[in-house]
Undergrad: 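Have a look at the structure that comes next, please.
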Amino acid sequence: MNLSTDLISAVSADMLVALVVFLFPLAYSPGPGNAFFAAIGASHGLRAAVPALAGYHVATFAVTTVIGIGMGVTVLEHPLLAKVLSAVGSLYVLWLAVAFIRAARSKGGEAADAAPVGKQRIGFWAGAIVLLLNPKAYYIIAMMCAQFLTPSADEGVTAVLVITAVFTVNNLVAFIVWALGGRALTALFRSERSKRCIDYLFASTLIGVAVWMAAPLVA
C-alpha cells in the first residue's frame with residue numbers, strides 16, 4: 001500500500017468533512033492569529049506576511065503532530081507552565097503592538113526608521129513564537145485531537161498527519177484571507193491619516209489579544 005492510499009484510508013471522508021466544519025469557525029472568527037496577520041496585511045501587505053505565515057504554520061504543524069501522538073502532555077498537564085507561556089506570550093504580543101504603533105507613527109513622519117524595523121522583525125520567528133507562546137492554542141489542538149483521533153494502532157501516526165495537515169492548511173487559508181482583508185481596508189481608505197488610524201486600530205486589537213492571552217494568569 002502506497003503513502004497516498006494510507007493517507008486516504010487513515011481518515012474517512014465523513015470525518016474530514018466533520019473536521020472542516022469543526023475548524024471553520026475557529027479559523028475564520030476573530031482570534032490572536034487572525035488579528036496578527038490582519039495587522040501585518042494592513043500595515044505591510046500580504047507579501048510581507050509570508051515569512052510570519054510560514055513560521056506560524058510550521059510551528060502549528062509541529063505542535064499539532066506532537067500533541068496528536070501523545071507528547072503534548074507537558075504543557076497541558078502543568079498549569080504553571082501554561083501560565084508562564086501566557087505571561088511571555090502576552091508580553092510578546094504587546095511588543096508586536098508597539099511595533100505597529102511605531103510603524104503608524106512613521107507614516108506621519110515622526111519616526112522615519114520605525115516602519116522598516118517593525119517590518120524586518122515580523123518574520124518567520126515572530127509567526128512561530130505567536131503560536132508557541134499561546135497555551136490556548138495547545139488546548140484547542142488537544143480538543144481537536146480528542147474529538148477526531150480514534151484510529152487503530154497501526155494507523156495512528158498517519159491519521160495524526162492527515163488531521164494535522166487539514167488543520168494547518170485550514171488555518172493558513174483563513175489567515176491569508178484576514179491578511180488580504182487588512183490590506184483591502186487600507187486600500188479603501190487611501191489617505192495617510194486613515195492608514196495611520198488603521199494601524200492604530202490593529203495595534204489596539206493586538207493589545208486586546210495580549211490581554212486575552214494573559215487571562216489565565218488571573219483565573
Undergrad: Are Phe124 and Val58 packed together at the side-chain level, in the sense that at least one heavy-atom pair is separated by less than 4.5 angstrom?
TA: yes

Undergrad: In Å and rounded to the nearest 0.5 Å, what is the CG to CG distance from Asn170 to Leu23?
TA: 5.0 Å

Undergrad: State yes or no: do Val173 and Phe24 share one hydrophobic cluster built from I, L, V, M, F, W and Y residues joined by side-chain heavy-atom distances below 4.5 Å, directly or via other members?
TA: yes

Undergrad: Are Tyr200 and Ile207 linked, directly or through other ILVMFWY residues, by side chains that come within less than 4.5 angstrom of each other?
TA: no

Undergrad: Please report the shortest heavy-atom distance between Ala210 and Ser90, naming the atom on each side.
TA: O-OG, 2.7 Å

Undergrad: If we ignore hydrogens and angles and just use 3.5 Å, is the side chain of Trp178 paired with the main-chain N or O of Tyr28 as donor and acceptor?
TA: yes

Undergrad: Please name all residues satisfying side chain to side chain contact (heavy atoms under 4.5 Å, CB included) with Val98, sequence neighbours left out, ordered by chain then number.
TA: Arg102

Undergrad: Roughly how far, to the nearest 0.5 Å, is the OG atom of Ser29 from the CG atom of Leu26?
TA: 6.0 Å

Undergrad: For Ala97 versus Leu206, what's the shortest heavy-atom pair and its separation?
TA: CB-CB, 3.9 Å

Undergrad: Measure the shortest side-chain to side-chain distance between Gln147 and Leu19 over non-hydrogen atoms and say whether it is less than 4.5 angstrom.
TA: no

Undergrad: Measure the shortest side-chain to side-chain distance between Thr64 and Met144 over non-hydrogen atoms and say whether it is less than 4.5 angstrom.
TA: yes

Undergrad: Any chain of hydrophobic side-chain contacts (each under 4.5 Å) joining Leu131 to Val169?
TA: no

Undergrad: Do the side chains of Leu132 and Val84 join up, straight or via other hydrophobic residues, at under 4.5 Å, putting them in one cluster?
TA: yes

Undergrad: For Cys145 versus Gly68, what's the shortest heavy-atom pair and its separation?
TA: SG-CA, 3.7 Å

Undergrad: Answer yes or no: is there a side-chain heavy-atom contact under 4.5 Å between Val130 and Leu96?
TA: yes

Undergrad: If I compare all heavy atoms of Ala27 with all of Asn34, which pair ends up nearest, and what's the gap?
TA: O-ND2, 2.7 Å

Undergrad: Is there a donor-acceptor pair under 3.5 Å between the side chain of Thr164 and the backbone N or O of Val160?
TA: yes

Undergrad: Report yes if the side chains of Leu46 and Leu53 come closer than 4.5 Å at any heavy-atom pair, otherwise no.
TA: yes

Undergrad: CG of Asn171 to CD1 of Ile176: how many Å apart, nearest 0.5 Å?
TA: 11.0 Å

Undergrad: Can you hop from Phe36 to Val50 via hydrophobic side chains spaced under 4.5 Å?
TA: no

Undergrad: With sequence neighbours excluded, what pairs up with Phe175 under the ring-ring contact (aromatic ring centres under 6.0 Å, His included) test?
TA: Phe37, Tyr56, His57

Undergrad: Just how far is it from atom OG1 of Thr168 to atom CD1 of Ile141, taken to the nearest 0.5 Å?
TA: 8.0 Å

Undergrad: So Phe61 and Leu161, do their side chains get closer than 4.5 Å, heavy atoms only?
TA: yes

Undergrad: Would you mind reporting whether Val162 and Leu16 have side-chain heavy atoms less than 4.5 Å apart?
TA: yes

Undergrad: If you round to the nearest 0.5 Å, how far is CD1 of Ile129 from CH2 of Trp95?
TA: 8.5 Å

